[in-house]
Every structure is written in C-alpha cells, then in structure tokens.
Amino acid sequence: MAEFNKAAEYLPHETPMVLLERVLAVSDEGATCQVSVSPDGVLAPFLDADGALPAWFGVEMIAQTIGVWSGWHHRQHGGGKPALGMLLGARAFRCDSAVFPAGAMLTVSVHLLMRDEKIGSFEGEIDAEGQHLASGRLNTWQPDENELQQLLQQGKKG
C-alpha cells in the first residue's frame, strides 16, 4: 500500500483553509481523502455550536480532493509547489443533511470523468462510515502562470 503525505502538502492552501487531513489513495482515475468533524481537527474553526460542519463545505472538500489528485500527480512529474487551480462550478451537488455530524469521519472521493491540459470534470462523493452523505460533479480549470497573473492583475483593478 502506498504511503502519502498529509493532504496539505499537495494543496496550495494555507491553514486554516485546508479542509482535509489524510490522503488514502491517488490513482490516474481519482483520489480519496479523509477528515474528521472534530474540535481537535482541521475543521475546528468552521464547526457550529453543536460541533457539526455545515453541508455547503462539502463542495470545497470535494474541490480540495481534486486538488490533492492534481498536486500528487504534479509531484510525480517532478513538480515543486502545488499549482493553483480554479473551481469553475458544481453541478447537481446534493447533500442528504444540512450538516456533516459532529464526530463523523468523512471520506471524500473523486473520480475523473474528463480532462485536457486545463479543464477537468470530476464526480465527487462524501461518505461517513459507509453512509452516503453528499455528491456532485465539479468542473475545474488549471491556469498557467501567465493566465494566473492576468487574473490577479484584473482583480487588483476591480
């Protein structure tokens, strides 16, 4: 079984915006990560008064699992720091509850549907202890350095 670094090492994010803890698997077709809904974990700053995580965080957890997939592959090809990716949108995101419950161990999986050099489409799922909690299709864009600089400059003008 392959060993992986912490999820944060494959992402361009900084604490507290890293919403994943462990990488369980990465392949050409997808990735699987885990995170605990716990006051002692990376999700602690985002938990409600009952210790639960609002369900809308699910979109970002799926997006970050895509980021782990991309960052891991980037490293396998000699890349250094993970490249910044952009979430273009989420389609048919569904969550069976308004929150991910306190104490749950969330398993976030993504499966690659389509990808070219810049655009990717992934099906994502979030489960806890074998129970399906959320799913959706996310579309991503990987800008090159010039495109990223153009975006950042436009943001400063607006």
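Atoms considered below: every heavy atom in the structure, side chains included; atoms not considered: hydrogens, waters and symmetry mates. FYI, the numbering just counts along the sequence from 1.
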To the nearest 0.5 Å, what is the distance between [atom1] on [X] and [atom2] on [Y]?
X    : Y    : atom1 : atom2 : result
E123 : I66  : CD    : CD1   : 10.0 Å
K118 : Q142 : NZ    : CD    : 8.0 Å
E147 : L84  : CD    : CG    : 12.0 Å
E125 : T65  : CD    : OG1   : 11.5 Å
S135 : I62  : OG    : CD1   : 7.0 Å

Residues two or more places apart in sequence or in another chain: which of them pass side-chain contact (heavy atoms from CB on, under 4.5 Å) with [X]?
X    : value
S27  : E29
R94  : none
I119 : L88, M114, D116, W141

Can you give each donor-acceptor pair under 3.5 Å made by side-chain atoms of residues 34-61, sequence neighbours left out, with the distance rounded to 0.1 Å?
from, atom 1, to, atom 2, distance (Å)
Q34, NE2, T107, OG1, 3.3
S38, OG, D40, N, 3.0
D48, OD1, D50, N, 2.9
D48, OD1, G51, N, 3.1
D48, OD1, A52, N, 2.9
E60, OE2, Q64, NE2, 3.0

Do [X] and [Y] come within less than 4.5 Å of each other through their side chains, counting heavy atoms only?
X    : Y    : result
K6   : E21  : no
S70  : W72  : no
F100 : L133 : yes
V26  : H73  : yes
P82  : H74  : no
M86  : P143 : yes
L106 : D127 : no

- Message: Enumerate the ring pair (Phe, Tyr, Trp, His ring centres under 6.0 Å) contacts for residues 110-139, please, sequence neighbours excluded, ordered by first and then second residue.
- Response: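 Matches after skipping sequence neighbours: W69-F122.
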- Message: Is it the case that the side chains of Q150 and Q154 hold a donor-acceptor pair, with the cut-off being a distance below 3.5 Å and no angle test?
- Response: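 Per modelled atom types, Q154 and Q150 side chains form no pair under 3.5 Å.
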For residues 7-20, tabulate all N or O donor-acceptor pairs below 3.5 Å that involve a side-chain atom, not counting sequence neighbours.
from, atom 1, to, atom 2, distance (Å)
E9, OE1, N5, ND2, 3.4
Y10, OH, N5, N, 3.0

- Message: Under the criterion side-chain contact (heavy atoms from CB on, under 4.5 Å), I'd like the reasoning laid out for L138 against L87: C-alpha separation, chi angles, the key distance, then a yes or no.
- Response: CA-CA 7 Å; L138 274 60; L87 175 62; 3.7 Å; yes
- Item | Neighbour count >12 (heavy atoms, 6.0 Å) for atom CD, E117 |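 No, not enclosed.
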- Could you give me the CA-CA distance, side-chain angles and deciding distance for S121 and R137, then say whether side-chain contact (heavy atoms from CB on, under 4.5 Å) is met? CA-CA 7 Å; S121 183; R137 180 172 294 175; 3.6 Å; yes
Test of understanding: clusters of I, L, V, M, F, W, Y form through side-chain heavy atoms closer than 4.5 Å, transitively. Do [X] and [Y] belong to the same one?
X    : Y    : value
V68  : F4   : yes
V110 : M105 : no
F93  : V99  : no

